[in-house]
Protein chains: 2
Amino acid sequence: MKEHALLTNKEQKTYDFIEKYSKKNGKHPLLDEIAKGIGIKSKGVAHRYVKALEKAGKLKRISNKHRGMILQEKKSIFFKSLGKIAAGGPIEAITDQQRIELEYLFTNKRSFALKVTGDSMIDAGIHDGDWVIIEEGAKVYKSKVHVVLIDNQDVTLKFVEKINTSEIKLIPANKKFKETIYPFERISIQGHVVGQVRIY
Amino acid sequence: MKEHALLTNKEQKTYDFIEKYSKKNGKHPLLDEIAKGIGIKSKGVAHRYVKALEKAGKLKRISNKHRGMILQEKKSIFFKSLGKIAAGGPIEAITDQQRIELEYLFTNKRSFALKVTGDSMIDAGIHDGDWVIIEEGAKVYKSKVHVVLIDNQDVTLKFVEKINTSEIKLIPANKKFKETIYPFERISIQGHVVGQVRIY
DNA sequence: TCATAAAGTTCTCAATAAGTTCTCATATGT
DNA sequence: ACATATGAGAACTTATTGAGAACTTTATGA
């Protein structure tokens with residue numbers, strides 16, 4: 001079997017058929033349906049093509065499962081047409097790393113999103129109306145923005161600093177706001193900001 | 001049985017029936033009703049399908065309880081566990097509207113992303129290292145941030161203003177940078193910013 | 001309360017459908 | 001000659017589906 005990622009004629013034809021079938025029927029085809037769809041009789045051969053497509057990264061298979069295949073989206077979640085603007089410009093290539101971070105941001109079960117109200121973190125680039133993605137956890141990180149619950153009632157975004165064994169300092173990123181100090185009992189760290197989304 | 005997201009024909013049929021029944025009757029069906037609804041006689045088999053749906057995350061079951069099942073909502077891209085922090089806090093409910101906007105942002109074919117270099121737009125909350133999502137188009141919008149190609153070579157983010165029939169003004173959002181004026185011929189508007197993502 | 005009916009759960013047996021692996025075969029280009 | 005691409009089809013394994021018995025738990029009404 002081949003090692004390269006290029007598809008042969010029939011493999012491409014198989015892929016096209018699977019894509020068309022899936023879009024039309026809302027489910028993936030059977031091997032016999034693929035065989036018929038690409039004009040051959042042997043489901044064994046169809047199976048061979050599907051495995052080749054898996055190897056080429058075009059789809060994932062679930063072994064033995066009926067209709068057990070899932071087309072792989074070109075889903076760099078949205079970094080689609082990058083590099084379009086101009087050659088030579090200050091455009092960074094997209095690395096898989098970035099893509100993975102994004103997927104993590106958007107699918108991690110221990111994270112959720114909050115809509116920001118107010119300007120207390122504006123110097124950290126967090127504006128009124130932004131969405132921040134929060135990773136749950138009570139841990140305090142230096143120079144990270146935290147979600148802090150005060151008196152079991154008010155939620156706020158602030159930098160956090162432990163100042164001694166019983167008190168904690170909340171630091172806004174806006175010179176118009178003051179730093180405040182609370183005893184541990186009144187404070188609960190809900191998580192910290194790992195991402196941010198703004199929709200214009 | 002293994003765990004995968006794909007449903008078999010009968011599992012899908014079972015799900016559809018439960019959904020339809022629930023909507024119509026305001027309560028979930030009995031196993032015998034499911035069996036009849038999907039055209040089989042054995043409630044044991046119906047039970048097997050319901051368990052499969054639970055495994056696939058399509059519903060939750062309450063063991064032994066009559067009509068003990070709850071359909072799971074379809075999940076939005078990432079605004080998952082919102083409202084978790086505290087009742088009474090300044091947390092906005094997620095509307096479907098927001099979800100749709102996000103999906104649009106991330107999947108629209110006429111948009112792409114750029115990584116920001118430099119601080120020329122920092123007063124607009126666009127920081128070095130941020131990703132901006134660009135919607136393609138040559139149109140100029142007042143008070144929107146545009147991607148501008150200068151001399152077919154340099155790409156920059158700026159506010160844009162037409163000042164007369166032959167010249168255009170590029171306005172940074174940082175007092176340390178100056179506004180600049182270019183003739184139309186040297187400028188090409190590539191698109192404008194519709195979204196922004198930051199990963200901490 | 002408590003007996004009883006109703007509903008959920010677990011199980012085996014079975015038949016069929018679909019996926020998997022294999023050999024054999026032909027053609028094609030290097 | 002040799003590797004690659006392609007196709008047929010047999011033999012085998014696993015998944016899917018269905019029936020129904022036996023059992024446990026829940027709901028209900030006298």
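Predicted, not measured: the structure shown is a model, and the values here were computed from it. Naming convention: chains lettered A, B, ... in sequence-line order (proteins, then strands); numbering from 1 in each chain.
- Screening residues 178-189 of chain A for salt bridge (charged side-chain N to carboxylate O under 4.0 Å, His left out), with sequence neighbours left out, gives A:D151-A:R186, A:K169-A:E179.
- Looking at B:S188 and B:Q190, their side chains do bring a donor and an acceptor atom within 3.5 Å of each other.
- Shown here is B:N164, whose CG atom has more than 12 heavy atoms of other residues, nucleotides or ligands within 6.0 Å.
- The distance from atom CD of A:E11 to atom P of D:dT4 is 13 Å, rounded to the nearest whole Å.
- Whole-Å rounding puts the A:H47 NE2 to D:dA8 C1' distance at 16 Å.
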Nucleotide by nucleotide, nucleotides 22-29 of chain D touches protein heavy atoms under 4.0 Å in the pattern (B base, S sugar-phosphate only, - none) ---SBS--
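- OP1 or OP2 of D:dG7 lies within a sub-4.0 Å distance of a side-chain N or O belonging to A:Y49.
- Legend: salt bridge (charged side-chain N to carboxylate O under 4.0 Å, His left out) pairs involving residues 29-45 of chain B, not counting sequence neighbours, sorted by first then second residue: B:E33-B:R67.
- The shortest heavy-atom contact between A:D123 and A:N174 is OD2-CA, 3.5 Å.
- When all heavy atoms of A:V194 and A:I134 are compared, the closest pair comes out as CG2-C, 4.4 Å.
- Rounded to an integer number of Å, the gap from CZ of A:R61 to P of D:dA15 is 13 Å.
- In terms of heavy atoms, A:Y49 sits closest to A:E11 at CD2-CG, 3.8 Å.
- Residue B:R198 holds its CZ atom at 10.5 Å from CG of B:D128, rounded to the nearest 0.5 Å.
- Phosphate contact (OP1/OP2 of D:dG7, side-chain N/O of A:K10, threshold under 4.0 Å): present.
- The shortest distance between side-chain heavy atoms of A:L59 and A:I70 does not fall below 4.5 Å.
- Looking at B:S42, its side chain has no donor and acceptor atom pair within 3.5 Å of the base of D:dG18.
- Nearest to the side chain of A:N9, among D:dG20, D:dT17, D:dT6, sits D:dT6.
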Q.
I'd like to know whether B:L71 forms a side-chain contact (heavy atoms from CB on, under 4.5 Å) with B:E19, so could you lay out the CA-CA distance, the side-chain angles of the two residues, the decisive distance to 0.1 Å, and finally the verdict.
A. CA-CA 8 Å; B:L71 291 177; B:E19 192 175 40; 4.1 Å; yes
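- At whole-Å resolution of the value, CG in B:L7 and P in D:dT16 are 11 Å apart.
- Between A:K60 and A:M69, the closest side-chain pair of non-hydrogen atoms is not below 4.5 Å.
- Within residues 23-40 of chain B, the residues approached by DNA chain D to less than 4.0 Å at the level of any non-hydrogen atom are B:I40, in residue-number order.
- Separating the CD atom of B:Q12 from the P atom of D:dA15 is a distance of 20 Å, rounded to the nearest angstrom.
- Of all nucleotides in DNA chain C, those with any atom nearer than 4.0 Å to a heavy atom of chain B start and finish, going 5' to 3', at C:dA7 to C:dT10.
- Annotation: of the two residues near DNA chain C, A:V45 and A:M69, the 5′-most nearest-nucleotide partner is A:M69.
- When the C1' atoms of four end pairs are superposed on the next four at each end of the helix from C:dT1-D:dA30 to C:dT30-D:dA1, using five pairs per end, the two resulting axes differ in direction by 30°, to 10°.
- No hydrogens or angles considered: a donor-acceptor pair under 3.5 Å links the side chains of A:Y200 and B:Q196.
- Whole-Å rounding puts the A:R48 CZ to D:dG9 P distance at 14 Å.
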### Task
Show your working on side chain to side chain donor-acceptor pair (under 3.5 Å) between A:K158 and A:T156 and close with a plain yes or no.
CA-CA 6 Å; A:K158 294 286 184 300; A:T156 183; 2.6 Å; yes
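- Between B:Y141 and B:H146, the ring planes lie parallel to each other; the angle is under 30°, not in the 30° to 60° tilted range.
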